[in-house]
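This is a predicted model, so every value here is computed, not measured. In this chain, numbering begins with 1 at the start of the sequence shown.
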Amino acid sequence: KNSQILEPSSGEGVFLSALHDSGFRNVSGVELDPKLAQHENFQVHNCSFVSWAPESKFDAVIGNPPYIRWKNLEQDQKDEIMQSPYWGGLFNSLSDYLMVFIVNAIEHLREGGELQRLVGLGDVEGGAATVVEALLNVVGPAGAVVMSAYPVRLPLPVTEEERRLG
């Protein structure tokens, strides 16, 4: 009940409300829409999750990330993604917004934290499925988390050499 839990793209706060109602008090969200970022029982940061830089890591990241293909993103969203250190590595113009959210969610986890409520590879369209598979194949014993049934090594590799050495 004391876990630090984050819901990116929290929308109306369905997961946050359910957690709060179950006794969790250290829950927070990130929501771009200012109308949806207003809640009484928990803090919601009104900003983009893509470039959000929290002061601390979380025990769990939960939620239902947006599924927007690259071609349907607004130009400012594309520009923001291209500023990521993972641009040209883990994701590119064949990726969708889901990939960006998965990577950012993992980056916001403490060692041993959990990423919950993600889609299966069959739900990922286009080139992003290959990127998700590559991401999930980065397996190591230290700081493993569970993403569906896949362990993921933290921190995520940024350079081509780090990815190759896995």
Side-chain angles (χ1 to χ4, degrees), residues 3-11 15 28-33 37 44-166:
S3 297
Q4 296 283 336
I5 303 173
L6 172 67
E7 182 185 2
S9 193
S10 57
F15 292 114
S28 58
V30 178
E31 176 54 51
L32 190 57
D33 185 337
V44 177
H45 305 274
N46 181 217
C47 60
S48 170
F49 180 61
V50 174
S51 56
W52 182 57
E55 294 178 15
S56 60
K57 302 280 187 175
F58 294 85
D59 299 304
V61 178
I62 63 163
N64 189 16
Y67 310 103
I68 307 170
R69 296 189 73 175
W70 180 265
K71 68 180 182 179
N72 296 325
L73 291 172
E74 300 292 330
Q75 188 59 49
D76 62 329
Q77 292 171 310
K78 292 177 182 179
D79 293 343
E80 183 180 29
I81 293 168
M82 289 188 286
Q83 298 302 310
S84 168
Y86 298 111
W87 179 254
L90 290 177
F91 44 83
N92 55 41
S93 63
L94 297 177
S95 303
D96 58 27
Y97 221 40
L98 172 64
M99 268 311 305
V100 176
F101 268 69
I102 291 171
V103 170
N104 281 350
I106 292 170
E107 284 294 329
H108 295 319
L109 285 172
R110 287 188 172 100
E111 280 195 26
E114 291 186 4
L115 190 54
Q116 299 287 335
R117 192 86 175 141
L118 291 178
V119 299
L121 290 177
D123 297 328
V124 181
E125 295 185 37
T130 302
V131 178
V132 172
E133 288 170 337
L135 174 62
L136 296 177
N137 285 326
V138 179
V139 177
V145 297
V146 175
M147 180 194 292
S148 297
Y150 301 96
V152 179
R153 183 176 52 101
L154 294 176
L156 294 176
V158 176
T159 67
E160 181 61 35
E161 182 177 346
E162 288 174 316
R163 282 193 298 278
R164 192 173 71 262
L165 295 175

Sequence neighbours left out, what passes side-chain contact (heavy atoms from CB on, under 4.5 Å) with Gln4? Give chain and number order.
-> Asn26, Phe58, Asp59, Arg110
Which atom pair, heavy atoms only, marks the closest approach of Asp96 to Ile68?
-> CB-O, 3.1 Å
Name all residues meeting the ring-ring contact (aromatic ring centres under 6.0 Å, His included) criterion together with Trp87; count only those two or more places apart in sequence or in a different chain, and write none if there are none.
-> Trp70
Got a donor-acceptor contact below 3.5 angstrom from the Glu7 side chain to the Ile62 backbone?
-> no
Heavy-atom closest contact (Glu31 atom, Ser9 atom, distance) | OE1-C, 3.5 Å
Heavy-atom check, side chain of Met82 versus side chain of Asp79, under 4.5 Å = yes
Shortest non-hydrogen contact from Leu90 to Ser95?
-> O-OG, 4.3 Å
Atom of Cys47, atom of Val30 and distance for their closest heavy-atom approach | O-CG1, 3.4 Å
What closest approach, in Å, do Leu32 and Ser48 show between heavy atoms, and which atom pair accounts for it?
-> CD1-N, 3.7 Å
List the steps, then state whether side-chain contact (heavy atoms from CB on, under 4.5 Å) holds for Asn72 with Tyr97.
-> CA-CA 10 Å; Asn72 296 325; Tyr97 221 40; over 6 Å; no
Rounded to the nearest 0.5 angstrom, the OH-CG distance for Tyr86 and Asn104 is 8.5 Å
Can you list the residues that meet the ring-ring contact (aromatic ring centres under 6.0 Å, His included) rule with His45, with sequence neighbours excluded?
-> Trp52
Residue pair Val61 / Pro8, side-chain heavy-atom distance below 4.5 Å | yes
Just jot down the side-chain contact (heavy atoms from CB on, under 4.5 Å) partners of Asp76, sequence neighbours excluded, or say none.
-> Glu74
Kindly write out the residues that satisfy side-chain contact (heavy atoms from CB on, under 4.5 Å) with Gln83, not counting sequence neighbours, or none if the list is empty.
-> none
Search all heavy atoms of Glu80 against all heavy atoms of Ser51 and return the closest pair with its distance.
-> OE2-OG, 2.5 Å
Hits for side-chain contact (heavy atoms from CB on, under 4.5 Å) against Ala60, two or more places apart or cross-chain, chain-then-number order -> Ile5
Calculate, to the nearest 0.5 Å, the distance between atoms NZ and CG belonging to Lys71 and Leu73 respectively.
-> 11.5 Å
